[in-house]
Participant: 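Just passing along the structure, written as structure tokens.
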Amino acid sequence: MKITTIILAAGKGTRMRSELPKILHKIANRTLLQHVYDMSKQVENNTITIVYGHGAELVRNTLKDLDAQWIEQKQQLGTGHAVQQVKDHIDDGDIVLILYGDVPLLKRATVTQLLANVSDHSLALLTVNLANPKGYGRIVRDSTGHVTKIVEEKDANTAEKLITEVNTGIMAVRGNQLKAWLNQLKNNNAQGEYYLTDIIEMAVNDTVVIKTSQPSSEDEVLGVNNRIQLSHLERVYQMEKAHFLMEQGVTLKDPARFDLRGTLDNLGQDIEIDINVILEGNNSIGNNVSIGPNCQIINSIIGDQVEILANCVIENAVIGQGSRIGPFARLRPETELANDVHIGNFVEIKKSSVATGSKINHLSYIGDTTVGSRVNIGAGTITCNYDGANKFRTTIGDGAFIGSDTQLVAPVTIGNNATIGAGSTITKDSPENQLTLSRVKQISISGWQRPVKKEK
Ligand code: UD1
Ligand code: CA
């Protein structure tokens, strides 16, 4: 059976108080619409249509890579009107699945259960019981428990307002039936809108049974209408990811203070993550890794037994087995550290590789550099890789020792086992096995008097 998924995403989202269309706001760094799309993508035999409207150009540009049909609803005249825009693209034999672009946490399993309820004789409707049903359409049932209609809050009478079973808006229905009912929608209601929910009563009149199912948790069907709800769903999403990680063998010191804004390609065992760690993009983390508090790790590959101490920012980097990073280290894109490398506090590394066993422990900038193995780079060493116009490379041979407070003016090569005296400005290649230093000779002046303050 072919499924046509329609994602309704044309609404403005006034209560967000934002220039940005609501569905472009993000949870875990992914737009709300992308969340709904990614879930729908997992439904088999399915083509996705997105009804968009508010912020049309920005929405399409931001999400142009989605494999979906885009249909513009120029004026937002209601959920029924939104689905009417898609009518010509629905085949009679299709099952039409209706989702909302601002309901980001709906689960595939809930959709599967919903789809099992639709047939020629039944319409599938996702409902939920809410302690506070205010604002939602209420599910009206007859004395035998059969659903007879949905009544919107603004059209509900006092008795109907007491109903706690509400419409999530998510439903599945046969194409031919939906098209027939869409043709009959009227906007003679409190909001002057074409309500999709009116098709429920039409279905019942056509002896189509309304089969309801419920999500496993109400958070799955909560929509985002303001930034308070956005933050609530962000935390729900993050807690779920935290639980998943803990089930995989990761210790989280506090699951409420952990954020995964992306994916994990590979996840080892006995990883220990302290508080306020953010993992962004696509990361891979080996076995027995420990990550200290307040670290941000983006698109990086972290080997086994790596220790990352507090307050590190690591982006597009590869860290070899047994290496130790931080505290307060910054690894910028294209940093490649081999095994057992030590990077200490206030060290910045960019577009550089560091071979096995080398140490850069304090206050250094290493950019566009190839560092050999067993190299020791002293405190305050700077690679001067930029002349204001072009970037140049520095090469440091195996076993070299770079004294503290050295500037290596690129392009420059330091030979294997070379030693550079502290405080040197190195502008020429330094031969292997030799001591190279550039330093003003130290002098002492005997009998020199320190100036004293003049008497007034
Ligand atoms: C709708 C339902 C209500 C349900 C609630 C669940 C109707 C008439 N009411 O109410 O029963 O309890 O959702 O959240 O269906 N949209 C468009 N074009 C439009 C109008 C809306 O694309 O012209 C989209 C919105 O962007 C949103 C979704 O449809 O994603 C729901 O619209 P919204 O205005 O939030 O519906 P509610 O009035 O809350
Ligand atoms: Ca809504």
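Computed over heavy atoms, backbone and side chain alike; hydrogens, waters and symmetry mates excluded. When a ligand or atom number is given, it counts from 1 through the structure's own listing order.
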Participant: Please indicate whether any nitrogen or oxygen in Gln75 is less than 3.5 Å from any nitrogen or oxygen in ligand 1.
Facilitator: no
Participant: Using a 3.5 Å cut-off on N or O atoms only, is Thr79 in polar contact with ligand 1?
Facilitator: yes
Participant: Show me, pair by pair, the donor-acceptor contacts under 3.5 angstrom made by side chains of residues 262-278, not counting sequence neighbours?
Facilitator:
residue, atom, partner, partner atom, Å
Thr263, OG1, Asn282, OD1, 3.0
Glu272, OE2, Lys253, NZ, 3.4
Asn276, ND2, Asn294, OD1, 3.2

Participant: Does an N or O anywhere in Gly11 fall below 3.5 Å from an N or O of ligand 1?
Facilitator: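 The answer is yes, given that Gly11 and ligand 1 share an N or O pair closer than 3.5 Å.
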Participant: Checking the side chain of Arg138 only, and the main-chain atoms of Val166 only, is there a donor and an acceptor separated by less than 3.5 Å?
Facilitator: no
Participant: Please determine, by modelled atom types, if Asp219 and His232 share a side-chain donor-acceptor pair under 3.5 angstrom.
Facilitator: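 There is such a pair between these side chains.
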Participant: Purely on distance, is any nitrogen or oxygen of Asn167 under 3.5 Å from one on ligand 1?
Facilitator: yes
Participant: For the pair Phe346 and Phe328, name the ring-plane relationship: parallel under 30°, tilted 30 to 60°, perpendicular over 60°.
Facilitator: parallel
Participant: For ligand 1, find out whether one of its N or O atoms is nearer than 3.5 Å to an N or O atom of Asn225.
Facilitator: no
Participant: What atoms of ligand 1 come closer than 4.0 angstrom to any heavy atom of Ala82?
Facilitator: 17 (C), 18 (N), 22 (O)
Participant: Would you say the side chains of Asn189 and Glu193 form a donor-acceptor pair under 3.5 Å?
Facilitator: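 No, Glu193 and Asn189 have no side-chain donor paired with an acceptor closer than 3.5 Å.
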Participant: Between Tyr195, Tyr136, Tyr100, Tyr52, flag the one that comes closest to atom 2 (C) of ligand 1 by a heavy atom.
Facilitator: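 Closest candidate by heavy-atom distance is Tyr100.
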Participant: Counting only heavy atoms not in His89, do more than 12 sit closer than 6.0 Å to its NE2 atom?
Facilitator: yes
Participant: Pairing donors with acceptors under 3.5 angstrom, does anything connect the side chains of Asp368 and Asn385?
Facilitator: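 Side-chain D/A pair, Asp368 to Asn385: present.
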Participant: Heavy atoms only, cut-off 4.0 Å: how does Thr168 contact ligand 1, side chain, backbone, both, or neither?
Facilitator: backbone
Participant: Between Arg227 and Glu234, is the closest basic N to carboxylate O distance under 4.0 Å?
Facilitator: no
Participant: Have a look at ligand 1 and work out which part of Ala10, if any, has a heavy atom under 4.0 Å from it: side chain, backbone, both or neither.
Facilitator: both
Participant: So if I count the atoms of ligand 1 from 1 in the order they appear, which ones are less than 4.0 Å from some heavy atom of Glu152?
Facilitator: 2 (C), 3 (C), 7 (C), 8 (C), 9 (N), 10 (O), 11 (O)
Participant: With sequence neighbours excluded, tell me which residues meet ring pair (Phe, Tyr, Trp, His ring centres under 6.0 Å) with Tyr195.
Facilitator: none
Participant: What part of Leu77, side chain, backbone, both or neither, has a heavy atom within less than 4.0 angstrom of ligand 1?
Facilitator: backbone
Participant: Taking only non-hydrogen atoms of Ala9, do any sit less than 4.0 angstrom from ligand 1?
Facilitator: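 Distance cut 4.0 Å: Ala9 passes for ligand 1.
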Participant: Sort out for me which residue in Leu185, Thr79, Leu182 forms a side chain to side chain contact (heavy atoms under 4.5 Å, CB included) with Tyr194.
Facilitator: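 Only one option passes, and that is Leu185.
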Participant: Does ligand 1 come near enough to Thr197 that some N or O of the ligand is less than 3.5 Å from an N or O of the residue?
Facilitator: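 In this structure, Thr197 places no N or O atom under 3.5 Å from an N or O of ligand 1.
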Participant: What do we get for Glu193 next to ligand 1 when only non-hydrogen atoms under 4.0 Å count, side chain, backbone, both or neither?
Facilitator: neither
Participant: Using a 3.5 Å cut-off on N or O atoms only, is Gly137 in polar contact with ligand 1?
Facilitator: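 Between Gly137 and ligand 1 (N or O atoms, distance only) the closest approach is under 3.5 Å.
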Participant: Taking N or O atoms only and a 3.5 Å limit, does Gly78 qualify as a polar contact for ligand 1?
Facilitator: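 Right, the criterion is met.
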Participant: Are any of the N or O atoms of Leu8 closer than 3.5 Å to those of ligand 1?
Facilitator: yes
Participant: Check His81 against ligand 1 and report side chain, backbone, both or neither, counting heavy atoms closer than 4.0 Å.
Facilitator: neither
Participant: For Gln296 and Glu280, which I'm curious about, is there any donor-acceptor pair between the side chains at under 3.5 Å?
Facilitator: yes
